[in-house]
Amino acid sequence: MKKGRGRTSRIRRRKLSRSSESRGGAFRDAHSFIHDVGTPDISSLLNESCKPEFIELKKWLKDRKFEDPNLIPARFPGTGRGLMSKTSLREGQVIISLPASCLLTTDTVIRSYLGAYIAKWQPPPSPLLALCTFLVAEKHAGTRSPWKPYLDILPKAYALPVCLEPKVVNLFPRPLKAKAREQRTRVQELFTSSRDFFSSLQPLFSEAVESIFSYSALLWAWCTVNTRSVYMKLRRRQCFSAEPDTCALAPYLDLLNHSPNVQVKAAFNEETRCYEIRAASSCRRHEEVFICYGPHDNQRLLLEYGFVSTRNPHACVYVSEET
């Protein structure tokens, strides 16, 4: 059969060619660049931003003086939820500038109904405990929480080793298994040592605090802070323990996924009073935008974030002496 030479035949061949490229593309790993393979259908990516929870988040952010002209939430093959470039981004450009009013820090907690209880508690609670307590309390508040639009897009569960059943952790290689057990012990000790503090908050709730501040609730909050916070050094407060106060939850910004192959500049700008991320390389329109969580090997990525990278330039092998 002769190959068609008309306009209709040319259009059909182009469609078949694009379809073949799309089916044949394969992501290198769960955190690869989108331009490494055939570009996914844009309409399917944009469906994420049309979901009710993201519409509400956008309204919430706008009320706090933030609108993003550069990025939009999307769902990508392999990486899941992330942020996609609306336009081409150039090297050195500020891609996100999130106002301090959108950040959840220990300052947020101290200004809240929890502030008075934290200020009088001895020994002083840690900044981490303050953030976890606030998250649990606000999640319990449901529709009454001003942070509900943010809470609604947070994961309902996490894949960190600390969340896994012991029988699953026992399948890990010995060095990872030991680290996972240490992590679980730290969270359990935080919960046990905080029970009296939680009890002191009873006047704030009509329900028994034991039912609100359960181990599972604290574990969820701990995972949220551990996996989603950005580094932001806050001033030392006497009402907190001496542990570093460096964690800030950054709604919307924390949708950015990790790639070990990118570099960005991220910091809180005291002049603009915004947490800014500046691109260190260019990015084309409709690509997923990544940041690097740090030069972590896969054991660290799994322990701290709940995923691994199959082509991680920082990968290493841990060995232990057999007993």
Exercise. Do the side chains of Trp222 and Tyr215 join up, straight or via other hydrophobic residues, at under 4.5 Å, putting them in one cluster?
Worked result: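 Same cluster: Trp222 reaches Tyr215 through Ile, Leu, Val, Met, Phe, Trp or Tyr contacts under 4.5 Å.
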Problem set entry | Connected via hydrophobic side-chain network under 4.5 Å: Ile55 and Leu57 |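 No.
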Heavy-atom pair of closest approach, residues [X] and [Y]:
{"X": "Leu104", "Y": "Leu135", "value": "CD1-CD2, 4.2 Å"}
{"X": "Asn70", "Y": "Ile95", "value": "ND2-O, 3.3 Å"}
{"X": "Ala250", "Y": "Leu103", "value": "CB-CD2, 3.8 Å"}
{"X": "Arg64", "Y": "Pro99", "value": "O-CG, 3.9 Å"}
{"X": "Cys283", "Y": "Glu288", "value": "SG-O, 4.3 Å"}
{"X": "Cys223", "Y": "Leu160", "value": "SG-CD2, 4.3 Å"}

Problem set entry | Salt-bridge contact Arg237-Asp107 (side-chain N to carboxylate O under 4.0 Å) |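 Looking at Arg237 and Asp107, the cut-off is met.
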Problem set entry | N-O pairing of Glu287 and Arg284 below 4.0 Å |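 Salt bridge between Glu287 and Arg284, a charged N being under 4.0 Å from a carboxylate O: yes.
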Only pairs under 3.5 Å count here: list side-chain donor-acceptor contacts from residues 299-306, not counting sequence neighbours, and write none if there are none.
from   : atom 1 : to     : atom 2 : distance (Å)
Glu304 : OE1    : Asn226 : ND2    : 2.9

Problem set entry | NZ/Lys86: more than 12 non-hydrogen atoms of other groups inside 6.0 Å |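 Yes.
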Exercise. For Arg90, does the CZ atom have more than 12 heavy-atom neighbours from other residues, nucleotides or ligands under 6.0 Å away?
Worked result: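 At most 12 heavy atoms, drawn from other residues, nucleotides or ligands, come within 6.0 Å of this atom.
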Please report the interatomic distance [atom1]([X]) to [atom2]([Y]), rounded to the nearest 0.5 Å.
{"X": "Glu48", "Y": "Leu255", "atom1": "CD", "atom2": "CG", "result": "8.5 Å"}
{"X": "Leu219", "Y": "Ser214", "atom1": "CG", "atom2": "OG", "result": "9.5 Å"}
{"X": "Ser97", "Y": "Glu276", "atom1": "OG", "atom2": "CD", "result": "4.0 Å"}
{"X": "Glu243", "Y": "Thr246", "atom1": "CD", "atom2": "OG1", "result": "10.0 Å"}
{"X": "Phe76", "Y": "Thr79", "atom1": "CZ", "atom2": "OG1", "result": "6.0 Å"}
{"X": "Ser101", "Y": "Lys65", "atom1": "OG", "atom2": "NZ", "result": "8.5 Å"}

Problem set entry | Distance-only side-chain donor-acceptor flag, Glu189 / Thr185, under 3.5 Å |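 No - no donor-acceptor pair under 3.5 Å links their side chains.
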For this session: Let me know which of Val209, Ile212, Leu114 forms a side-chain contact (heavy atoms from CB on, under 4.5 Å) with Leu204.
Result: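 Option passing the side-chain contact (heavy atoms from CB on, under 4.5 Å) with Leu204: Leu114.
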For this session: List for me each residue that meets ring pair (Phe, Tyr, Trp, His ring centres under 6.0 Å) alongside Phe198, sequence neighbours excluded, and say none if there are none.
Result: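 Phe198 satisfies ring pair (Phe, Tyr, Trp, His ring centres under 6.0 Å) with Phe213 only.
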Donor-acceptor list for residues 118-134 side chains, cut-off 3.5 Å, not counting sequence neighbours:
from   : atom 1 : to     : atom 2 : distance (Å)
Ser126 : OG     : Leu129 : N      : 3.0
Thr133 : OG1    : Leu129 : O      : 2.7

Please set out all donor-acceptor pairs under 3.5 angstrom arising from side-chain atoms of residues 139-150, sequence neighbours excluded.
from   : atom 1 : to     : atom 2 : distance (Å)
His140 : NE2    : Glu207 : OE1    : 3.3
His140 : NE2    : Glu207 : OE2    : 3.4
Ser145 : OG     : Glu138 : OE1    : 2.5
Ser145 : OG     : Trp147 : N      : 3.1
Lys148 : NZ     : Asp152 : OD2    : 2.6
Tyr150 : OH     : Asp254 : OD2    : 2.7

Exercise. Going by heavy atoms in the side chains, are Ser282 and Leu89 under 4.5 Å from each other?
Worked result: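 In short, these two side chains do not touch, never coming nearer than 4.5 Å.
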Problem set entry | Side-chain heavy-atom pair Ile96, Leu83 within 4.5 angstrom cut-off |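 SC-SC contact between Ile96 and Leu83 confirmed.
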For this session: For side chain to side chain contact (heavy atoms under 4.5 Å, CB included), just list the numbers for Phe191 and Arg186, CA-CA rounded to whole Å, side-chain angles, deciding distance to a tenth of an Å, and then say yes or no.
Result: CA-CA 9 Å; Phe191 175 68; Arg186 287 200 306 272; over 6 Å; no
For this session: With sequence neighbours excluded, tell me which residues meet side-chain contact (heavy atoms from CB on, under 4.5 Å) with Val169.
Result: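 Once residues adjacent in sequence are excluded, the partners of Val169 under the side-chain contact (heavy atoms from CB on, under 4.5 Å) criterion are Leu164, Phe172, Lys177, Ala180.
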Looking at [X] and [Y], would you say the former's side chain and the latter's main chain have a donor-acceptor pair under 3.5 Å?
{"X": "Arg273", "Y": "Ala100", "answer": "no"}
{"X": "Trp220", "Y": "Pro155", "answer": "yes"}
{"X": "Arg81", "Y": "Ile153", "answer": "yes"}

For this session: Report yes if the distance between the aromatic ring centroids of Phe268 and Tyr275 is under 6.0 Å, otherwise no.
Result: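 No, ring centres 6.0 Å or more apart.
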Exercise. Taking only residues two or more places apart in sequence, or in another chain, which ones meet Arg181 in a side chain to side chain donor-acceptor pair (under 3.5 Å)?
Worked result: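 Residues passing side chain to side chain donor-acceptor pair (under 3.5 Å) with Arg181: Asn170.
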For this session: Could you label the plane-to-plane angle of the His258 and Tyr293 rings as parallel, tilted or perpendicular, counting under 30° as parallel and over 60° as perpendicular?
Result: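 Correct class here is tilted.
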